[in-house]
Amino acid sequence: MHSDDLPYGRRGALPIPAGISLGDHTQTPSSGEQYMLRVRLEAESIPKFVVAPGREQLLNDARMALATSSVQSEVTNSEQLPDYLRPSISWLDAFTPYFKHEQTGFRLLLDRSRVPLTFSIPNSDRVREWKNFCYGIDDDVPTTKAIVHALASADQMMAIRLIKWMTTWIEVDKLRRIEGIWLWYLILRLDSLLDHDDTHALRELCRRLISIRCNIGHNIGQSAEAQLAHRRDEIAAINILIAAVTRGYKQYDLEAY
């Protein structure tokens with residue numbers, strides 16, 4: 001093939017004389033021109049368009065990244081929150097060793113867990129199936145066993161993916177009990193050292209929880225002891241999850257909100 005036979009924009013910078021042959025492919029090129037000709041023909045054989053491996057997973061991750069980036073990051077400063085919504089500094093300080101103890105114990109539990117052969121989790125790219133799986137678990141005592149089996153079957157990447165998904169699933173002014181349980185065990189499941197993307201996922205979750213806490217305070221008002229009674233457990237769960245991020249993974253700046 002002569003250089004002039006190639007479309008404009010794909011011609012080589014160095015011209016190859018028309019009389020150059022490919023020669024024997026099993027032998028070393030006899031000249032620089034023959035080598036260049038072989039390289040160009042090999043390049044011509046490469047498809048113009050290829051589909052990336054794991055295309056659907058990459059698309060799902062991209063969609064989730066867009067969804068989590070839209071999570072409201074502007075949250076009310078903690079100074080404007082009623083005292084009953086905020087944990088004390090002494091509570092936060094005591095939470096740090098408690099979290100480490102719980103995390104160590106949960107990792108041992110996962111290592112020793114024997115997942116039944118009949119137990120299965122959705123494929124990693126099945127967002128809707130995972131949502132049905134997470135919310136379909138009975139909201140009672142056996143919940144822990146089911147979540148342990150699920151997280152013993154999932155790796156770090158899947159745990160982070162679930163955190164991203166659940167950040168978009170939870171409502172703006174309410175944390176359901178099953179969501180709190182899942183998020184607690186997902187955070188315990190994570191490695192102690194996270195990369196930038198994993199840390200970002202945790203911070204987005206924390207911002208969403210802080211926003212929910214602020215919305216609860218706004219909806220309840222300053223003098224609402226009767227209204228607060230049925231949401232104490234929910235508020236406690238939110239504060240525990242926020243502290244798991246800020247103290248467990250040293251994102252202290254988020255405690256200012």
Side-chain angles (χ1 to χ4, degrees), residues 68 71-73 75-111 134 139 141 143-145 147-148 151-152 156 159-160 162-164 166-167 169-196 198-218 220 225 228-257:
T68 55
V71 172
Q72 182 180 2
S73 295
V75 292
T76 306
N77 191 281
S78 62
E79 293 299 325
Q80 301 173 6
L81 289 177
D83 289 339
Y84 58 75
L85 287 178
R86 292 181 296 175
S88 65
I89 296 298
S90 60
W91 184 91
L92 288 170
D93 290 341
F95 180 85
T96 304
Y98 168 79
F99 177 81
K100 295 301 181 184
H101 178 268
E102 289 294 302
Q103 190 171 54
T104 300
F106 187 66
R107 289 171 178 171
L108 289 174
L109 179 62
L110 290 181
D111 291 340
C134 291
D139 193 6
V141 177
T143 297
T144 301
K145 182 178 292 185
I147 294 178
V148 167
L151 295 184
Q156 168 88 358
I160 286 292
L162 281 173
I163 287 175
K164 290 180 179 179
M166 197 158 284
T167 300
W169 293 341
I170 54 182
E171 298 180 37
V172 296
D173 59 354
K174 180 173 67 176
L175 180 72
R176 295 171 56 182
R177 180 174 181 272
I178 190 63
E179 293 168 337
I181 295 173
W182 265 105
L183 289 169
W184 172 246
Y185 287 122
L186 280 167
I187 295 173
L188 290 181
R189 165 69 178 79
L190 299 180
D191 296 338
S192 297
L193 297 177
L194 303 179
D195 62 22
H196 177 270
D198 293 351
T199 302
H200 176 73
L202 270 187
R203 290 179 64 85
E204 287 300 294
L205 169 64
C206 192
R207 290 189 180 101
R208 170 55 68 90
L209 294 169
I210 292 170
S211 179
I212 293 173
R213 184 175 65 181
C214 291
N215 288 335
I216 291 175
H218 176 75
I220 290 178
E225 204 59 33
L228 180 64
H230 71 285
R231 305 199 73 169
R232 289 189 187 278
D233 290 345
E234 179 187 3
I235 294 170
I238 291 172
N239 282 329
I240 287 172
L241 293 173
I242 292 173
V245 176
T246 61
R247 294 299 173 120
Y249 287 90
K250 300 180 180 180
Q251 304 301 308
Y252 304 118
D253 61 296
L254 292 174
E255 291 181 358
Y257 300 96

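Computed from heavy atoms alone, side chains included, the values below leave out hydrogens, waters and symmetry copies.
- Atom CD of Q156 and atom CG of L190 lie 5.0 Å apart (nearest 0.5 Å).
- With rounding to the nearest 0.5 Å, the separation of CD1 in I238 from CD1 in I216 is 3.5 Å.
- None of E255, R203, Q251 except one satisfies the side chain to side chain donor-acceptor pair (under 3.5 Å) rule with T246; the exception is E255.
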Should F95 and I240 be marked as a side chain to side chain contact (heavy atoms under 4.5 Å, CB included) after you check the CA-CA gap, both sets of side-chain angles, and the distance that decides it? CA-CA 8 Å; F95 180 85; I240 287 172; 4.0 Å; yes

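- Side chain of D173 to main chain of N215: no donor-acceptor pair is present (N/O by atom type, distance under 3.5 Å, no hydrogens or angles).
- Here the closest non-hydrogen pair linking I212 and E171 is CD1-O, 3.2 Å.
- In this structure, the side chains of I187 and L241 come closer than 4.5 Å at one or more pairs of heavy atoms.
- For the pair W169 and C134, the tightest heavy-atom approach, listed with the atom from each and the gap, is CZ3-SG, 4.3 Å.
- Side chains of T167 and E204: no donor on one and acceptor on the other come within 3.5 Å.
- Across every non-hydrogen atom of L92 and P87, the tightest pair is CD2-CG, 4.0 Å.
- In terms of heavy-atom proximity, R213 sits nearest to N239 at NH1-OD1, 2.7 Å.
- In this structure, L108 places its CG atom where more than 12 heavy-atom neighbours from other residues, nucleotides or ligands lie under 6.0 Å away.
- Contact record, A244 with W184: CB-CZ3, 4.1 Å, taken as the closest heavy-atom pair.
- Rounded to the nearest 0.5 Å, atoms CD1 (I163) and CG (L202) are 5.0 Å apart.
- Identified under the side-chain hydrogen bond (donor to acceptor under 3.5 Å, both in side chains) test for residues 91-102, with sequence neighbours left out: D93-R247.
- Shown here for L110 and A152, the closest heavy-atom pair between the two residues is CD2-N, 3.8 Å.
- Here the CG-CG distance, from L183 to L205, works out to 5.5 Å after rounding to the nearest 0.5 Å.
- For residues 185-196, the set of pairs meeting the side-chain hydrogen bond (donor to acceptor under 3.5 Å, both in side chains) definition, not counting sequence neighbours, comprises R107-S192.
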Candidate pair W182 and L151, rule side chain to side chain contact (heavy atoms under 4.5 Å, CB included), full reasoning: CA-CA 10 Å; W182 265 105; L151 295 184; 4.2 Å; yes

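- Atom-to-atom distance recorded for L186:CG and I181:CD1 is 12.0 Å, nearest 0.5 angstrom.
- Atom CG of L85 and atom CD1 of I235 lie 5.0 Å apart (nearest 0.5 Å).
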